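Scroll down for the structure; my scribbles are underneath it.
In this text, all values refer to a predicted model and were calculated from it rather than measured experimentally.
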There are 2 protein chains.
Amino acid sequence: MAASEARERLLRTASELFYREGIHAVGVDRIVNEAGITRATFYRHFPGKEDLVEAYLDEEDAHIRAAFAEAGAQSDEPRRLLELVIEGLADDVALHHTRGCPFINASAEYPDAGSAVRATVARHRSWFRETLEQLLAADGNADPALAAGELVLLRDAAMVGGYLDGWERVRPSFVAAARRAAGIPV
Amino acid sequence: MAASEARERLLRTASELFYREGIHAVGVDRIVNEAGITRATFYRHFPGKEDLVEAYLDEEDAHIRAAFAEAGAQSDEPRRLLELVIEGLADDVALHHTRGCPFINASAEYPDAGSAVRATVARHRSWFRETLEQLLAADGNADPALAAGELVLLRDAAMVGGYLDGWERVRPSFVAAARRAAGIPV
DNA sequence: GAAATGATAGAACGATCTTTCTCTTTTTGC
DNA sequence: GCAAAAAGAGAAAGATCGTTCTATCATTTC
């Protein structure tokens, strides 16, 4: 049951278009044309466009969790892991996510908090917050919940600021604030 | 030269719809129906929908500048002004901007950095950053540019976090981080 | 080899999108 | 009171939206 090649091309193309140009701004025509498939193939793999949006966000979520797992494989020390996470975030904004945060951008287009898309966003954010909190607690942080909250704040800010103001302008403030929030001496 | 009443109703209705539901998600039909005007009136006052979007963002910009001016009228002390700004930001997210930041949300839908909408966003953000920097410099901050950068970060984060996670969850982290960033003892 | 599944091709659906048009009525300024 | 500007109503343009359809071809599976 290897995922079909057409399906993978479809999802990859849609993800890139959604991220780069926005969701409502990209029509099904664009997607199927650039993916080199037909509408029939599209609707055989996904019930509708919104399910494709969910798959796009699920994929982003999986990427980030994989990056965390990879960092976890590099070190067992909580302090070192926190540093890796902060560095990884900075690199990610600088190199890959230069058009903002996929989850934040999608939420701007999906105001209904009960929608499936927003539920996917909420799931991702909960996982991120809880993972940071556990990491901070393992590092002996005095108030892991508060510190995790600050790191979530700063990740959002880095994504937005990197997109709208340019990363080179945001980087110093972000790194300084993030290390302080995590209780890591600068 | 009083702005016509129909135009005001149009802009007010459009602003609310754009903010609450997103820009691409709201059609001209919705706007003119809910504003109680006709398409002809719409296109007499604005060349097109995008100009209405710009007017919406300009209005948001004017509101925030007015709030700053009002704070400036309350005190001449830079330190007190910084506190007022941080408190005002927190209250604004809690009470009015519960659907995120109008500029960030609009930018999610307008990926072209050269577009008129994005230019309006950039103008607003430059003004905000520079105003903060001057305020911090007047307060004797050691590195006003860095601190202003951190406050911009934190405002973005507060807007996004308040929308997606709920303000009560974000507030403590925001206030603590903002006062620290501005060099105000907690 | 037959049957089932997945992909291709392309037309077509109704709905909605932004914009433009004509015509009539109301308000405003001098 | 008259001329000019603004707002009203409503049709209609042409494009694009998401979705569904029929029919054909390729590939796999038992």
Discussion item. Counting only side-chain nitrogens and oxygens, does A:T41 get under 4.0 Å of the OP1 or OP2 atom of C:dT8?
Written reply: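 Yes, within the criterion.
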Discussion item. I'd like to know if A:R129 and A:E133 make a salt bridge, using a cut-off of under 4.0 Å between side-chain N and carboxylate O.
Written reply: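 Salt bridge absent between A:R129 and A:E133.
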For [X] and [Y], work out which heavy atoms get closest and say how close.
X: B:G161; Y: A:R125; result: CA-NH2, 4.3 Å
X: A:I31; Y: A:A14; result: CG2-CB, 4.0 Å
X: A:F42; Y: A:K49; result: CZ-CA, 4.1 Å

Practice prompt. May I have the step-by-step check of salt bridge (Lys or Arg N to Asp or Glu O under 4.0 Å) for A:E21 and A:R99, ending in yes or no?
Written response: CA-CA 9 Å; A:E21 308 197 12; A:R99 234 285 288 180; over 6 Å; no
Discussion item. Just to be sure I understand the geometry, which residues of residues 42-50 of chain A put a non-hydrogen atom under 4.0 Å away from DNA chain C?
Written reply: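 Hits under 4.0 Å, by residue number: A:R44, A:H45.
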Discussion item. Within residues 19-32 of chain B, which residues have any heavy atom lying less than 4.0 Å from an atom of DNA chain C?
Written reply: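 Hits under 4.0 Å, by residue number: B:V26, B:G27, B:V28, B:D29.
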Worksheet item: Taking the side chain of A:R39 as its heavy atoms from C-beta onward, which of C:dT8, D:dT20, C:dC21 lies nearest to it?
Response: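 Looking only at heavy atoms from C-beta outward on A:R39, the closest nucleotide is D:dT20.
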Fill in: Pair B:Y163 and B:H97, ring centroids less than 6.0 Å apart
no
Worksheet item: What about B:H24 and B:F18, are their ring centers closer than 6.0 Å?
Response: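 Not under 6.0 Å, so no.
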Discussion item. Classify the ring geometry of A:H124 against A:F128: parallel below 30°, tilted from 30° to 60°, perpendicular beyond 60°.
Written reply: parallel
Worksheet item: Looking for any heavy atom pair under 4.0 Å, which part of the strands does A:A40 touch: base, sugar-phosphate only, or nothing?
Response: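 A:A40: base contact, heavy atoms under 4.0 Å.
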How close or far is atom [atom2] of [N] from atom [atom1] of [X], stated in whole angstroms?
X: B:N33; N: C:dT18; atom1: CG; atom2: P; answer: 12 Å
X: B:L52; N: C:dT19; atom1: CG; atom2: P; answer: 10 Å
X: A:E5; N: D:dT27; atom1: CD; atom2: C1'; answer: 13 Å
X: A:R9; N: C:dA7; atom1: CZ; atom2: C1'; answer: 10 Å

